[in-house]
Amino acid sequence: MSNEVVLRGRIVTGSMDIADGVIAADAGRVTYSGPASEYRGKAGPATDNILLPGLVDLHCHGANGSDFSDGSADGARSAARYLHSRGTTTLLASLVTGSPANLVRNLSVLRTLAAEGLIAGSHLEGPFLAAGQCGAHDPSLLLEPDPALVTELLEAAGPSLASMTLAAELPGASGLVDLLAPRGIIPSLGHTAAHPAAAAGFLEHAAAALSAPSNPTGRFRPTVTHLFNAMPALHHRSPGPVSASLSAARAGNAVVELIADGVHLAPETVKLVFDLVGAENIALVTDSMAATGLQDGAYQLGSLAVTVDHSVARVDSTGAIAGGTATLLDVVRTTVAAGVPLQDAVLSATAVPAAVLGLSSQAGDLHAGLPADVVVVSPGLTLAGVLRRGEWVAALAPTA
């Protein structure tokens with residue numbers, strides 16, 4: 001039985017921009033993607049909708065009242081499905097720093113979700129972070145790199161662990177890179193005050209280790225966890241890890257995350273990074289937490305109490321920004337408002353993070369043969385519908 005879906009509108013991906021295009025999908029995969037004039041089936045009337053690939057988020061902690069660090073499989077499923085319905089059809093579930101026992105528990109839960117196809121894997125943001133750059137992580141739970149603990153975490157996560165954030169300056173960080181990267185687990189520089197040489201050396205080492213023949217994943221570029229946030233500001237006499245990260249990204253040797261939600265970074269900063277390193281070296285992320293999709297109020301991020309006021313989440317005890325409350329489509333919209341061309345913003349929210357995860361054959365574009373993950377938006381980038389694996393997870397809004 002055919003489950004064909006045919007959509008017409010402007011197609012915008014990192015590889016094409018077609019003013020009047022058609023996306024046809026059947027059995028969960030794209031069967032046609034191109035100009036409406038060349039489509040041999042019934043395309044339907046032209047619309048002003050924009051058809052985007054499903055968005056790919058490398059860094060999100062939860063949504064819809066659930067935190068991936070809660071340890072609840074049902075809560076994690078609810079968060080993942082909510083994010084799917086808002087256009088993020090592929091995501092890593094990120095964990096904040098927790099006790100070793102809780103990290104093992106949470107990775108086991110996320111391993112189940114990955115096996116169910118709800119998430120692409122997990123991301124450990126901690127516990128091996130610099131205390132002075134802990135941000136919204138509980139400083140009492142931070143640890144120095146511990147290979148024995150990492151081995152235990154790997155056993156809990158199995159093949160689902162995709163990324164781990166590390167502070168380059170911690171003793172033993174280099175050894176963890178050698179433990180993680182040959183398995184295809186992406187070392188991500190973050191929550192760090194490393195000097196430029198140490199940060200550059202970390203990224204170079206991570207890239208070299210990911211190229212090991214033992215890495216079966218297709219993941220070859222290290223990342224930088226939310227560039228600028230939880231690291232010292234770039235100063236002309238003390239450029240810190242920001243300078244090394246920008247240089248590595250400009251050379252194509254790393255991908256920098258940007259939380260371009262209008263809270264974590266000024267729009268001018270977002271536009272500057274796109275101008276300096278290019279969209280192909282940037283992954284737009286949300287760092288979303290449990291309040292995403294909900295109202296202001298009191299929430300939890302790992303072990304820390306958080307208050308959301310006017311959609312800005314802050315740790316009660318320190319006032320530090322505690323993740324984001326925007327969806328990735330919101331981030332794309334804000335990035336475009338900052339002056340970044342739509343196609344560049346879409347590239348950084350789809351094909352780039354998909355490639356980072358080694359998933360270019362499964363996500364990030366709308367070529368024939370790829371899974372039918374389509375985000376339908378208005379010309380103002382308001383959500384109109386979401387197709388995931390050929391099924392509507394957010395019903396298509398009727399056109400005028």
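For the single chain, residues carry numbers from 1 onward in sequence order.
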Trainee: Under 4.5 Å between any side-chain heavy atoms of Leu265 and Asn229, yes or no?
Mentor: yes
Trainee: For a quick test of reading the model, state the closest non-hydrogen atom pair linking Asn64 to Leu294 and the distance between them.
Mentor: C-CD1, 3.6 Å
Trainee: Among residues at least two apart in sequence or on other chains, which ones pass side-chain hydrogen bond (donor to acceptor under 3.5 Å, both in side chains) with Arg183?
Mentor: none
Trainee: Taking NZ, NE, NH1 and NH2 as the nitrogens, is one of them in Arg389 or Asp373 under 4.0 Å from a carboxylate oxygen of the other?
Mentor: yes
Trainee: Under the ring-ring contact (aromatic ring centres under 6.0 Å, His included) rule, what do His264 and His226 come out as? Steps first, then yes or no, please.
Mentor: CA-CA 9 Å; His264 287 79; His226 45 53; 7.4 Å; no
Trainee: Shortest non-hydrogen contact from Gln362 to Pro371?
Mentor: O-CG, 3.2 Å
Trainee: Indicate the atoms forming the closest heavy-atom contact of Phe220 with Ser211, along with that distance.
Mentor: CD2-CA, 4.5 Å
Trainee: Return yes if some donor-acceptor pair links the side-chain N/O of Arg333 with the main-chain N/O of Leu381 below 3.5 Å, else return no.
Mentor: yes
Trainee: Tell me whether Ser33 contacts the main-chain N or O of Leu366 through its side chain, where contact means a donor paired with an acceptor under 3.5 Å.
Mentor: yes
Trainee: Just checking, is any N or O donor in the side chain of Asp57 or Thr286 under 3.5 Å from an acceptor N or O on the other one?
Mentor: yes
Trainee: Donor-acceptor pair, distance only, cut-off 3.5 Å: does the side chain of Ser163 make one with the backbone of His123?
Mentor: no
Trainee: Donor-acceptor pair, distance only, cut-off 3.5 Å: does the side chain of Arg10 make one with the backbone of Ile50?
Mentor: no
Trainee: Answer yes or no: is there a donor N or O on one side and an acceptor on the other, between the side chain of Arg388 and the main chain of Thr89, under 3.5 Å?
Mentor: yes
Trainee: Starting from the C-alpha separation in whole Å, work towards a yes-or-no answer on side chain to side chain contact (heavy atoms under 4.5 Å, CB included) for Leu83 and Leu328.
Mentor: CA-CA 9 Å; Leu83 292 170; Leu328 193 49; over 6 Å; no
Trainee: Looking only at side chains, do Asn215 and Thr217 share a donor and an acceptor under 3.5 Å apart?
Mentor: yes
Trainee: Does the side chain to side chain donor-acceptor pair (under 3.5 Å) test come out yes or no for Asp316 and Thr307, once each step is laid out?
Mentor: CA-CA 6 Å; Asp316 289 355; Thr307 297; 2.7 Å; yes
Trainee: Tell me whether His310 at atom NE2 has more than 12 heavy atoms from other residues, nucleotides or ligands lying less than 6.0 Å away.
Mentor: no
Trainee: Using the rule side-chain contact (heavy atoms from CB on, under 4.5 Å), only one of Leu124, Leu210, Leu166 pairs with Leu180; which is it?
Mentor: Leu166
Trainee: Closest approach of Pro127 and Leu103, non-hydrogen atoms and distance?
Mentor: CD-CD1, 3.8 Å
Trainee: Does any N or O in the side chain of Ser348 come within less than 3.5 Å of the main-chain N or O of Ala345, such that one atom is a donor and the other an acceptor?
Mentor: no
Trainee: Would you confirm whether Ser69, through its side chain, and Val96, through its main-chain N or O, come within 3.5 Å as a donor-acceptor pair?
Mentor: yes
Trainee: What's the separation between atom CD1 in Ile119 and atom CZ in Arg77, rounded to the nearest 0.5 Å?
Mentor: 10.5 Å
Trainee: Are the side chain of Ser122 and the backbone of Leu107 linked by a donor-acceptor contact shorter than 3.5 Å?
Mentor: no
Trainee: Looking only at heavy atoms, what is the nearest atom pair of Ser245 and Leu189, with distance?
Mentor: OG-CD2, 3.8 Å
Trainee: What distance do Leu154 atom CG and Ser160 atom OG have between them, rounded to the nearest 0.5 Å?
Mentor: 10.0 Å
Trainee: What I want to check is whether the side chains of Asn281 and Arg221 have a donor and an acceptor closer together than 3.5 Å.
Mentor: yes
Trainee: Going through the checks in order, is the side chain to side chain contact (heavy atoms under 4.5 Å, CB included) test met by Ile321 and Arg314?
Mentor: CA-CA 4 Å; Ile321 295 177; Arg314 293 189 181 275; 3.5 Å; yes
Trainee: So how far is it from Asn106 CG to Leu153 CG, rounded to the nearest 0.5 Å?
Mentor: 10.5 Å
Trainee: For Ala209 and Ala181, work out which heavy atoms get closest and say how close.
Mentor: CB-CB, 3.4 Å
Trainee: Please determine which of Thr165, Asp287, Thr192 meets the side chain to side chain donor-acceptor pair (under 3.5 Å) test together with Thr225.
Mentor: Thr165
Trainee: Distance check, rounded to the nearest 0.5 Å: Phe68 atom CZ versus Leu92 atom CG?
Mentor: 10.0 Å
Trainee: Strictly by modelled atom types, are Ser15 and His367 linked by a side-chain donor-acceptor pair under 3.5 Å?
Mentor: yes
Trainee: Any side-chain heavy atom of Val386 sitting closer than 4.5 Å to one from Val393?
Mentor: yes
Trainee: Please check: side-chain N/O of Asn49 versus main-chain N/O of Ser378, any donor-acceptor pairing under 3.5 Å?
Mentor: no
Trainee: Can you find a side-chain donor-acceptor pair between Asp365 and Thr13 that sits under 3.5 Å?
Mentor: yes
Trainee: Going by the angle between their ring planes, with limits at 30° and 60°, are His137 and His191 parallel, tilted or perpendicular?
Mentor: perpendicular
Trainee: Kindly compute the distance separating OG1 (Thr327) from CG (Asp330), expressed to the nearest 0.5 Å.
Mentor: 3.0 Å
Trainee: Out of curiosity, Asp67 CG to Leu304 CG, how far, rounded to the nearest 0.5 Å?
Mentor: 10.5 Å
Trainee: In a table with atom names and distances, give each donor-acceptor pair under 3.5 Å that connects a side chain of residues 195-207 to protein atoms at least two apart or in another chain.
Mentor:
unit_1 : atom_1 : unit_2 : atom_2 : d
His205 : ND1    : Ser174 : OG     : 3.2
His205 : NE2    : Asp178 : OD1    : 2.7

Trainee: May I have the step-by-step check of side chain to side chain contact (heavy atoms under 4.5 Å, CB included) for Phe128 and Leu143, ending in yes or no?
Mentor: CA-CA 5 Å; Phe128 311 118; Leu143 300 172; 4.1 Å; yes
Trainee: Give a yes or no answer on whether the side chain of Ser94 reaches the backbone of Cys60 with a donor-acceptor pair at less than 3.5 Å.
Mentor: yes
Trainee: Tell me whether the count of non-hydrogen atoms from other residues, nucleotides or ligands lying under 6.0 Å of CD in Glu391 goes above 12.
Mentor: no
